[in-house]
Amino acid sequence: MEVQGHADARFGPVRDCLAEILGTQPGTGAAFAAWYDGRRVVDLWGGYADAARRRPWEAGSVAQPYSVSKPFAAICALRLVEAGQLDLDAPVQRYWPGFRAPATVRHVLSHQAGVVMLDQPAPTSAFYDWNHLCDLLAAQEPSWEPGTAHGESPLFYGHLVGELVRRTDGRSIGRFLREEICGPAGLDFAFGLGTSEQARAVDLTGLDDAFEAAAASGRPPLYRLAMTNPPGAHDSAVVNSAPWRAAEIPAINGHGTARAVADFYQALSAGSLLSPGMLAEAITPHCTGPDRVFGHDNSWGLGFGIDDDGYGMGGHGGNYGGICTAGGYAIGFVTGHVGSFDRLEALDNALRRCLGIPAIPAATDPPAP
């Protein structure tokens, strides 16, 4: 299928790059968007939206980009910090009595709280019961003393942040995101899809045993424990189901367009989502070094992965959203068919060549999942 959408004439090579990717990608398609110099200069999509490859990916198709969702959760809490309703350095117990780990709000937002796994097996249905899963997390011993190390909480970051939002504001994090962030900013990104929104959802394909084994290769033992209990987060039968899409699982099951992801980062950099001071705090590294869950070295701000090029967040299967502060551009890439970050790297470098910016060398480690 042809690539759809718009790219300024200057960015024709980006369209060509996406066309090449889609020409070899099995399963469902992908979308890429970019901002530069205050304008959305690329907004492209193509391929199919369903596993049977009968329904085309359209302008309004929404995909689940896994951990690209996490900054959308974090910004909800950061808004409450700005409003004086949450204190970054207060213990979580101030807002969530009974929470066992001696962590602060800052520890939670910067992946230092240590609540990354559950000791006791939980069924897939736990994802659909917010209160029950939060009770399990509250009772969980941390995997390290909060503040002494860091590691992404792959499945639970959104519940940890979201319960702070709910207990402080009274709204679920999905409702807060819609009413305070995405609705006013016109961002097509949500936690918990209604019936009409589910009709626009893209099927995830390629989530087979070989892909998951490759993703887990070389990871610390904590990776498997943190990623597989409750089971189902990487099972196509689960993540393509109506109950999953309707649930709020804000660490991983946001659904949105590449356009919304790129627009989110552009709005952040323009100062329309957070104050300059709050944004500066959020994108300052709070911890740097080996990630206890994923193994590679990284740096975390308050909900954002930080590197020398800028800030953002990658997602399982090759998704990404972020901003290159040095190059002055923001991007979003969402894919229905999971794979490596090579596709993102190719698109990013095609964009950089159009801007006359040196290409990014091949990474030894992927962006934060």
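Throughout, residue positions are numbered sequentially from 1 according to the sequence presented. No experiment lies behind these values; they were computed from the predicted model shown.
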Joint hydrophobic cluster, L155 plus F191, side-chain heavy atoms closer than 4.5 Å: yes

Where do L302 and A74 come nearest, in terms of heavy atoms and distance? O-CB, 3.9 Å

Nearest 0.5 Å, please: how far is NE2 in H111 from CH2 in W300? 4.0 Å

Residue among L344, N319, I21 satisfying side-chain contact (heavy atoms from CB on, under 4.5 Å) with T335: N319

Does L160 form a side chain to side chain contact (heavy atoms under 4.5 Å, CB included) with V115? I'd like the steps, not just the answer. CA-CA 9 Å; L160 298 173; V115 183; 4.2 Å; yes

Solution key, residues 270-277 side-chain donor-acceptor pairs under 3.5 Å, sequence neighbours excluded:
residue	atom	partner	partner atom	Å
S272	OG	A267	O	3.2
S275	OG	E82	OE2	2.7
S275	OG	M278	N	3.2

Is there a donor-acceptor pair closer than 3.5 Å between any side-chain N or O of R219 and the backbone N or O of G295? no

Mind checking what makes side chain to side chain donor-acceptor pair (under 3.5 Å) contact with D50, not counting sequence neighbours? none

Please output the side-chain donor-acceptor pairs of residues 251-259 that fall under 3.5 Å, not counting sequence neighbours, one pair per line with the distance.
residue	atom	partner	partner atom	Å
N253	OD1	I249	N	2.9
N253	ND2	W244	O	2.9
N253	ND2	A247	O	2.9
H255	ND1	N253	O	3.0
T257	OG1	A260	N	2.9
R259	NE	D43	OD2	2.7
R259	NH2	D43	OD2	3.4
R259	NH2	A59	O	3.1

Partner of F72 under ring-ring contact (aromatic ring centres under 6.0 Å, His included), picked from Y66, F264, F176, is F264

Sequence neighbours excluded, which residues qualify as salt bridge (Lys or Arg N to Asp or Glu O under 4.0 Å) partners of R15? none

Interatomic distance, L118 atom CG to L136 atom CG [nearest 0.5 angstrom]: 5.5 Å

Considering all heavy atoms, the nearest F341-G315 contact: CZ-O, 3.5 Å

Where A280 and T284 come nearest, the two heavy atoms and their spacing: O-OG1, 2.6 Å

Residues in salt bridge (Lys or Arg N to Asp or Glu O under 4.0 Å) with R94, at least two apart? D87

How are the rings of W96 and F99 set relative to one another: parallel (under 30°), tilted (30 to 60°) or perpendicular (over 60°)? tilted

Carboxylate-amine/guanidinium proximity below 4.0 Å for R79 and D169: no

Closest contact, heavy atoms only, P146 versus A113: CG-O, 3.3 Å

Do E152 and M313 come within less than 4.5 Å of each other through their side chains, counting heavy atoms only? yes

Show me, pair by pair, the donor-acceptor contacts under 3.5 angstrom made by side chains of residues 203-215, not counting sequence neighbours?
residue	atom	partner	partner atom	Å
D203	OD1	R245	NH2	3.0
D203	OD2	A51	N	2.9
T205	OG1	T28	N	3.1
T205	OG1	T28	OG1	3.3
T205	OG1	H337	ND1	2.8
D208	OD1	A210	N	3.3
D208	OD1	F211	N	2.8
E212	OE1	H316	NE2	3.1
E212	OE2	H316	NE2	3.2

For residues Y223 and D291, is any side-chain donor paired with an opposing acceptor at under 3.5 Å? no

Spacing of CD belonging to Q112 relative to CH2 belonging to W144, to within rounding of 0.5 Å: 9.0 Å

Closest approach of Y48 to R53 (non-hydrogen atoms, all atoms of both residues): CE2-O, 3.0 Å

Of all heavy-atom pairs between R106 and H286, which one has the smallest distance, and what is that distance? NH1-NE2, 3.0 Å

